[in-house]
Amino acid sequence: MILRQAEESDFEELLRLNQEWVHFTSPLDAEALARLHRESASHSVIETHDGIVAFLLALREGAEYASPNYRWFEERGGIFLYIDRVIVDHAHQGTGLARLLYDDLIALARRSGVRRIVCELDIDPLNEASARFHDRYGFREVGTQRVAGGAKLVSLRELDLG
């Protein structure tokens with residue numbers, strides 16, 4: 001298993017993974033992925049003999065990103081790393097890959113002097129596995145908002161590394 005930064009040659013596999021979980025993330029096409037990749041502070045992948053089986057894409061404050069969840073944090077100011085999406089292939093769920101990605105991002109935040117990692121997760125409809133995972137890491141809810149034309153309610157979360 002290799003944990004490394006994403007490359008453009010990975011995009012096809014990343015789009016496939018995103019499509020598997022689009023009901024919890026958001027749609028992504030090649031152009032949007034390339035733009036997010038360019039804006040990212042970290043775009044990590046985990047590669048095994050099966051190919052890319054997980055990825056995490058995070059942005060710093062000040063990015064040109066229109067996501068309503070990113071904008072919510074941006075409007076409140078401060079320095080942060082925003083986790084836009086973390087996806088683990090269905091066949092590799094529960095194997096600790098998300099923990100590896102988060103631990104790597106937390107290490108990057110500490111090296112960079114960033115004291116806040118922020119994200120959102122669905123609470124209506126509930127993404128129970130994500131809620132448990134983020135609770136274990138110590139992410140606390142700092143707000144909520146309706147997105148996707150009101151179809152989803154998200155919990156906006158923050159991990160304070162201070």
Side-chain angles (χ1 to χ4, degrees), residues 1-60 63 65-70 73 80-111 114 117-141 144 147-149 151-159 161:
M1 174 175 17
I2 299 169
L3 172 62
R4 62 174 174 78
Q5 287 297 296
E7 301 168 354
E8 286 185 31
S9 60
D10 301 325
F11 286 6
E12 187 175 326
E13 287 184 86
L14 299 178
L15 290 170
R16 178 192 56 78
L17 282 172
N18 192 83
Q19 188 57 37
E20 283 183 20
W21 292 97
V22 74
H23 58 287
F24 286 127
T25 60
S26 58
L28 194 60
D29 61 24
E31 182 180 324
L33 177 56
R35 190 171 44 254
L36 283 170
H37 178 77
R38 283 190 305 274
E39 289 270 347
S40 70
S42 180
H43 189 186
S44 304
V45 300
I46 296 178
E47 187 174 13
T48 70
H49 63 279
D50 294 328
I52 295 175
V53 296
F55 75 96
L56 184 151
L57 195 146
L59 304 152
R60 287 287 304 265
Y65 188 33
S67 158
N69 299 316
Y70 175 83
F73 289 107
F80 60 83
L81 265 168
Y82 170 77
I83 300 169
D84 181 61
R85 61 194 72 222
V86 57
I87 297 177
V88 177
D89 184 80
H90 285 288
H92 292 85
Q93 291 287 304
T95 63
L97 298 184
R99 278 194 317 273
L100 287 174
L101 291 166
Y102 270 60
D103 290 348
D104 183 62
L105 187 67
I106 289 168
L108 170 66
R110 288 191 167 126
R111 286 191 310 273
V114 175
I117 298 178
V118 299
C119 67
E120 79 281 340
L121 60 95
D122 293 354
I123 54 176
D124 181 19
L126 179 61
N127 183 340
E128 192 172 332
S130 182
R132 280 193 314 269
F133 177 85
H134 288 90
D135 287 346
R136 280 194 302 269
Y137 260 91
F139 281 82
R140 65 181 180 81
E141 187 173 88
T144 61
V147 295
K152 287 183 182 184
L153 178 65
V154 296
S155 171
L156 299 144
R157 304 270 180 118
E158 174 181 285
L159 176 63
L161 300 175

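Sequential numbering from 1 along the given sequence is applied to the chain's residues.
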Problem - Close side-chain approach of L156 to F73, heavy-atom, < 4.5 Å - result: yes
Handout entry: Set of salt bridge (Lys or Arg N to Asp or Glu O under 4.0 Å) partners for R157, sequence neighbours left out
Key = D135
Handout entry: Donor-acceptor contact present, side-chain D10 to main-chain E7, <3.5 Å
Key = yes
Exercise for the section: Would you check if the side chain of Y137 reaches a backbone N or O of R99 as a donor-acceptor pair within less than 3.5 Å? Expected result: yes
Handout entry: Smallest separation among heavy atoms of I87 and W21, with atom names
Key = CG2-CD1, 3.2 Å
Problem - Smallest separation among heavy atoms of L3 and L100, with atom names - result: CD2-O, 4.3 Å
Exercise for the section: Work out which heavy atom in S44 is nearest to a heavy atom in L101; give both atom names and the distance. Expected result: CB-CD2, 3.7 Å
Practice task
Please name the residue in the list D104, I83, L97 that meets the side-chain contact (heavy atoms from CB on, under 4.5 Å) test with L56.
Solution key: I83
Fill in the blank from the handout: So CD of E128 and CG of L121: to nearest 0.5 Å the spacing works out to 11.5 Å
Exercise for the section: Evaluate the side-chain proximity of L15 to E12: yes if any heavy-atom separation is below 4.5 Å, no if none is. Expected result: no
Handout entry: Donor-acceptor under 3.5 Å (H134 side chain, S130 main chain)
Key = yes
Handout entry: Residues forming a side chain to side chain donor-acceptor pair (under 3.5 Å) with R110, sequence neighbours excluded
Key = none
Practice task
Measure centre to centre between the rings of F133 and Y102, then say whether the value is under 6.0 Å.
Solution key: yes
Exercise for the section: Enter the distance from C119:SG to E158:CD here, rounded to the nearest 0.5 Å. Expected result: 10.0 Å
Problem - Side-chain donor or acceptor of E13 paired with backbone N/O of I52 under 3.5 Å - result: yes
Practice task
Grab the two heavy atoms, one from A34 and one from F11, that are nearest each other, plus how far apart they are.
Solution key: CA-CE2, 3.7 Å
Problem - Over 12 non-hydrogen atoms of neighbours within 6.0 angstrom of CD in E31 - result: no
Problem - Enclosure of Q93 CD (heavy-atom neighbours >12, cutoff 6.0 Å) - result: yes
Practice task
Mind checking side chain to side chain contact (heavy atoms under 4.5 Å, CB included) for H49 and listing every partner two or more places apart, or none if nothing turns up?
Solution key: none
Practice task
Start with the C-alpha distance between Y65 and D84, add both sets of side-chain angles, then the distance that settles side chain to side chain donor-acceptor pair (under 3.5 Å), and finish with yes or no.
Solution key: CA-CA 10 Å; Y65 188 33; D84 181 61; 2.6 Å; yes
Handout entry: Rounded distance [0.5 Å steps], CG in D124 versus CG in D122
Key = 9.0 Å
Completion exercise
Note: L81 and A41 closest approach over all heavy atoms is CD2-CB, 3.7 Å
Handout entry: E20 CD: over 12 foreign heavy atoms closer than 6.0 Å
Key = yes
Exercise for the section: Please tell me if the side chains of L36 and L28 come closer than 4.5 Å, counting only heavy atoms from C-beta onward. Expected result: yes
Handout entry: Stepwise side chain to side chain donor-acceptor pair (under 3.5 Å) test for S155 and E120
Key = CA-CA 5 Å; S155 171; E120 79 281 340; over 6 Å; no
Fill in the blank from the handout: Minimal heavy-atom distance between V88 and A54, with the atoms involved, is CG2-CB, 3.9 Å
